[in-house]
Amino acid sequence: MLPDLSTEWADLTPKDAIALQQSLRAQVRTEDDLPDVRTVAGVDAGFEDNGQTTRAAVVVLNLNDLTPIDYTLARLPTRFPYVPGLLSFRECPVILEALKQLETLPDLLLCDGQGIAHPRRLGIATHIGLLTGLPSIGVGKSRLTGTHGPVPEGKGEWTPLKDGDETIGAVLRTRSGVKPLFISPGHRISLPTAIDHVMACITRYRLPETTRWADGLASNRGQQWLKTLEGLK
DNA sequence: GCGACAG
DNA sequence: ATCTTGTCGC
């Protein structure tokens with residue numbers, strides 16, 4: 001299903017991790033290269049035992065009605081600290097474990113955090129896209145890097161997130177009257193297409209349904225969300 | 001040297 | 001990320 005995913009890359013010093021990001025940068029594709037998207041997956045991680053254990057959740061939804069059709073959970077000992085810019089080295093190992101368990105791979109991944117809106121263009125969404133080969137989008141609740149002007153108030157409106165002359169993402173108002181989201185291409189997708197797919201996953205909340213399900217399952221209230229998921233079966 | 005800094 | 005219930009406001 002998925003390519004061989006070595007996990008040895010995870011045990012790196014921050015210095016080596018940065019070097020790895022630099023070397024992977026050339027492989028990132030931000031042109032549309034994705035199938036007709038019928039299924040989308042939300043990907044997120046949470047922590048247990050005072051942070052000693054990392055838990056990952058993946059929830060696959062039908063894009064048509066945003067109904068969950070599959071999900072997986074995984075747990076691993078936490079072995080990399082949180083360092084801004086190196087989030088993927090902390091969360092990828094367990095997320096890949098969860099993705100490996102999926103019966104059917106989704107057409108597109110929506111990951112918590114940034115895609116190319118990253119100092120070295122290698123946010124967690126991009127890294128996961130490269131490792132799995134799947135198209136991916138970064139959905140951040142706050143800004144890591146980049147500058148932007150005022151964000152229009154209307155639902156679906158956005159302003160570019162820039163790093164100098166380069167557009168690295170969009171600051172998107174998913175609903176009027178809420179804080180905007182930071183959307184950026186992960187891998188194999190363009191910014192306009194990424195924005196369209198994120199908005200397609202919005203119902204009545206600020207966060208896309210993919211993120212809501214994955215956040216819920218990865219959080220400490222995961223049991224309640226599990227009940228709801230099982231109830232849908 | 002002084003801030004900023006996804007989850 | 002996480003510690004955590006009710007509550008103020010549109």
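Just so we're on the same page: letters track the sequence lines, and every chain starts at 1.
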Original post:
Just the dot-bracket of DNA chain B, please: which string comes out with Watson-Crick or G-U pairs under 3.5 Å, [ ] for crossing, | for another strand?
Top reply: .......
Output side-chain donor-acceptor pairs under 3.5 Å for residues 106-117 of chain A, partner residues at least two apart or in another chain, one line each.
| unit_1 | atom_1 | unit_2 | atom_2 | d |
| --- | --- | --- | --- | --- |
| A:D107 | OD2 | A:R38 | N | 2.8 |
| A:D107 | OD2 | A:T39 | N | 3.1 |
| A:D112 | OD2 | A:K141 | NZ | 2.8 |
| A:Q114 | NE2 | A:S142 | O | 2.9 |

What I'd like to find out is whether the side chain of [X] reaches to under 4.5 Å of the side chain of [Y], using heavy atoms alone.
X      : Y      : answer
A:L61  : A:P68  : yes
A:W213 : A:L229 : yes
A:K155 : A:M199 : yes
A:H197 : A:I189 : yes

Please tell me whether [X] and [Y] have a donor and an acceptor in their side chains that are separated by less than 3.5 angstrom.
X      : Y      : value
A:T54  : A:T78  : yes
A:T203 : A:E209 : yes
A:T67  : A:N62  : no

What's [X] touching, base or sugar-phosphate or nothing? Going by heavy atoms closer than 4.0 Å.
X      : result
A:Y82  : base
A:G51  : nothing
A:G123 : base
A:L86  : base
A:N50  : nothing

Can you tell me the distance, in whole Å, between the [atom1] atom of [X] and the [atom2] atom of [N]?
X      : N     : atom1 : atom2 : answer
A:R79  : C:dA1 : CZ    : P     : 22 Å
A:I137 : B:dA6 : CD1   : P     : 21 Å
A:L207 : C:dA1 : CG    : C1'   : 15 Å
A:I124 : C:dA1 : CD1   : C1'   : 12 Å
A:R90  : B:dA6 : CZ    : P     : 13 Å
A:D112 : B:dA6 : CG    : C1'   : 9 Å
A:D215 : C:dA1 : CG    : P     : 7 Å
A:I183 : B:dA6 : CD1   : C1'   : 12 Å

Original post:
Between A:S142 and B:dG7, is there a side-chain N or O to OP1/OP2 distance below 4.0 Å?
Top reply: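 For A:S142, the contact criterion (side-chain N or O under 4.0 Å from OP1 or OP2 of B:dG7) is met.
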Original post:
Taking only N and O in the side chain of A:N220, is any of them less than 4.0 Å away from OP1 or OP2 of C:dC3?
Top reply: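 The answer is yes; a side-chain N or O of A:N220 sits under 4.0 Å from OP1 or OP2.
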Original post:
Parallel, tilted or perpendicular: which describes the rings of A:F80 and A:F89, with under 30° parallel and over 60° perpendicular?
Top reply: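 The rings of A:F80 and A:F89 sit tilted, inter-plane angle from 30° to 60°.
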Original post:
Choosing from B:dC5, B:dA6, B:dG7, which nucleotide comes nearest the side chain of A:R143?
Top reply: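 Closest of the options to the side chain of A:R143: B:dC5.
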**OP:** For A:R55, enumerate each residue passing the salt bridge (Lys or Arg N to Asp or Glu O under 4.0 Å) test, keeping only those at least two apart in sequence or located in another chain.
**Re:**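 Expected list: A:E48.
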Original post:
What residues form a salt bridge (Lys or Arg N to Asp or Glu O under 4.0 Å) with A:D49, not counting sequence neighbours?
Top reply: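 Result, salt bridge (Lys or Arg N to Asp or Glu O under 4.0 Å) vs A:D49: none returned.
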**OP:** Please list every stem that involves DNA chain C, where a stem is a run of 3 or more consecutive Watson-Crick or G-U wobble pairs with both pairing distances under 3.5 Å.
**Re:**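 So the stems come out as none.
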For nucleotides 5-10 of chain C, tabulate all protein N/O to nucleotide N/O atom pairs closer than 3.5 Å, reporting atom names and distance.
none

Original post:
Does the A:T72 side chain pair with the main chain of A:A98, one donor and one acceptor, at a distance under 3.5 Å?
Top reply: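 Yes: the side chain of A:T72 pairs with the backbone of A:A98.
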